[in-house]
Amino acid sequence: MKQSWSKLLFVFVCTVLLMSCQKSSEQQNQQPAQQTPQRQQAAAPAQGIVQGQSSGQTTSQPGQTTTTAPAGQAANVQLVQLDIKLPKPMFVGTPTNIAVLNLEKPLGKPRPPFLAPAGTRNVAFKKAVSSSDEQPVIGELSMITDGDKEAAEGSFVELGPKLQYVMIDLKARHNIYALVVWHYHKQAVVYHDFIVQVADDSDFISNVQTVFNNDIDNSSGRGVGKDMSYVETSEGKLIDAKGVQGRYVRLYSRGNTANELNHYIEVEVYGRAVQ
Amino acid sequence: MAEQKTSSSDELRIALLGAGAQGQVLMNACLKIPNVRFKAVCDIWEAYNLKRAQRMLDKFGHKVNAYEDYRQMLAKEKGLDAVLIATPDFWHAQHTVDCLSAGLHVYCEKEMSNTLEGARQMVRAARQSRKLLQIGHQRRSNPKYVHSYKRLIQEAKILGRITTVNGQWNRSLQPDNGWPKGSSIEPSILKKYGFRSMEEFRNWRWYRHLGGGPVVDLGSHQLDIYNWFLNARPNTIVASGGIDYYDRRTHEWFDTVLATFEYETTFGKVRAFYQTISTNSNQGYFESFMGDQGTLVISESGGRGAAYREPTAPEWDKWVSMGYLKAPTGEQKKPQTDAVLDVRETVSPPSFELPVKFDDPYHKPHLDNFFNAIQGKERLNCPAEVAYETAVTVLKVNEAVETGRKLTFDNQEFKV
């Protein structure tokens, strides 16, 4: 008799636990597709960003970044998946000879979703762009923020050789969570000394922060970079900017594996205005 | 014997005729050659190609005059040594003949011409002008290919008796080329230069009266290597292909082709397979030469190039110690012992990578060879007569697809 009661109790506990699990699963499935609560960040530590009022703790290793939010603040931030529209793939023409040190391996599959605080949007869209090369070889600087990401003729600006930069004025200070950059994806090429910096002033004197740098030998004089070089694709390069604050964004490069010129199809800066 | 440059100056003054995608490839490679100076550029697309080329050369300190009409360029530019031609295939013969007649050395992109008659005119013009004509089969000057042919095949004979060749160039789907708004060429200009529309101008490779389609654009490079490495010309061809995927109204040439050649070489019969696919990029592009003692897999692509010794062949230690091959790394894969069927697999051969390091743009060594030949320092690696043999080989593929029959090459076909 005692054994029967024990068995009955065991079955009851298992049933309650099972129902509890099912309910939790259903609740999760009912979440809006584009919204991901903070607690899911652990599932994608390299892509998620949590930004409180003060900076979280960030650690970086080649190819891996983990961000931890300040205690007590993270729970209030709702993360959403960035909706990044991709152009059509377009590899054509004569292949080029790629021989680059520190080159990252292609992921071989679509990039995982990137999470940023709700309200984050492309704040670079239609913003003014200036450049170290004021007379591009072809194209206009305005093409960099016009929303056209195709690799066709007429969609990119071509800048002269050597180290060149383009600068986007976001018109106000923003928390910047991510950048997506398309240099030129009509050919499989790698851009040299690709450096992205954010600052409060257009001369890049005040509050200069580097969010990407693959200049591993500091040949461009802006510090030794630890990020990896990568092959251009239609997916663009997503850079985790970790919520840095600034108004101006500069992107440097020093030619590519096909030629000594510098190209931009589109740059998107995902952020929110600083309150 | 072609006339060489007699000027005391080492500087070579050149013009670019055709500043589209391939013209830019040549321009970029030339900018890495110190003694070459661009003096003029010509393209019928003034609002884009011509403007872009002129501005780009200006950025590198080459002040050039820009022309829409090449005849005007030849009439006005009197100090030129050579012209690089990168126009659509159907213009190659006329442009080359006129430039040679103007007393200039010519580097002309492959395919020599979209017709054999055009290619023959080019060979004859080069002979008559006594100027140099190099055709842009750039693998002929690629250090990796030169090493493979001279050291591995000819000298070391590591492949033994070559029996089979296999090659391919598979590419992903590609959208048609467009053009920026407001930059269209005037219809009268298009008509003057043989194009019926801007769309045709931007996608000329697909049209029968302008180009030769994928097997000519891509296969030409690789079939040229078949002839070179086998030191022979094919005797027969049978081919299958069609416009299987793309819109036939705008894609007149075959998007998919599979060809089989038979070669009677000095060492026996060789069967050579070649395919090009324009809808799938699987395995990319390479050429594979297979003999009874080994296999050589080679590609212009930087990451490929290795030899594989057959298990029954003599050791290659000698060639490794001489630096002809890198020592194999990694363990050999053993045959599966749990196979259900008795497939009698042989052990996977070890991989001996090629020791040639080559970081330059692919076209630079071939251009170097051309400019050195102008200065009398080297012989051309791909003169008109050699490229003509390749043109005969390549243009026959489309004919074989068209007829659906096995075609025979007459040895006289390869001569002009």
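Within every chain, numbering begins at 1; the chains are lettered A, B, ... in the order of the sequence lines, protein sequences first and strands thereafter.
- Within the 4.5 angstrom heavy-atom criterion, only side-chain atoms of B:F60, from C-beta onward, approach chain A.
- Taken from CD in A:E158 to CE in B:M56, the straight-line distance is 7.0 Å, to the nearest 0.5 Å.
- Taking CG of B:N177 as the reference point, atom NZ of A:K186 lies at 5.0 Å (rounded to 0.5 Å).
- Atoms CD1 and NZ, on A:I138 and B:K51 in that order, are 4.5 Å from each other to the nearest 0.5 Å.
- Annotation: the span from B:R52 atom CZ to A:L261 atom CG amounts to 8.0 Å, rounded to 0.5 Å.
- In this structure, the portion of B:K32 lying under 4.5 Å from any heavy atom of chain A is its side chain and not its backbone.
- In A:I205, the CD1 atom is crowded: over 12 heavy atoms of neighbouring residues, nucleotides or ligands sit closer than 6.0 Å.
- Between B:K59 and A:E260 there is no salt bridge, since no side-chain nitrogen of the basic residue lies less than 4.0 Å from a carboxylate oxygen of the acidic one.
- The greatest number of non-hydrogen atom pairs below 4.5 Å with chain B, out of A:A152, A:G139, A:P136, A:G154, is found for A:G154.
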Checklist entry - What do the steps show when you test B:R202 against A:E153 for side chain to side chain contact (heavy atoms under 4.5 Å, CB included), and what is the final call? => result CA-CA 10 Å; B:R202 292 287 292 135; A:E153 313 291 348; 3.0 Å; yes
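- Heavy atoms closer than 4.5 Å to chain B are found nowhere in A:K162, neither backbone nor side chain.
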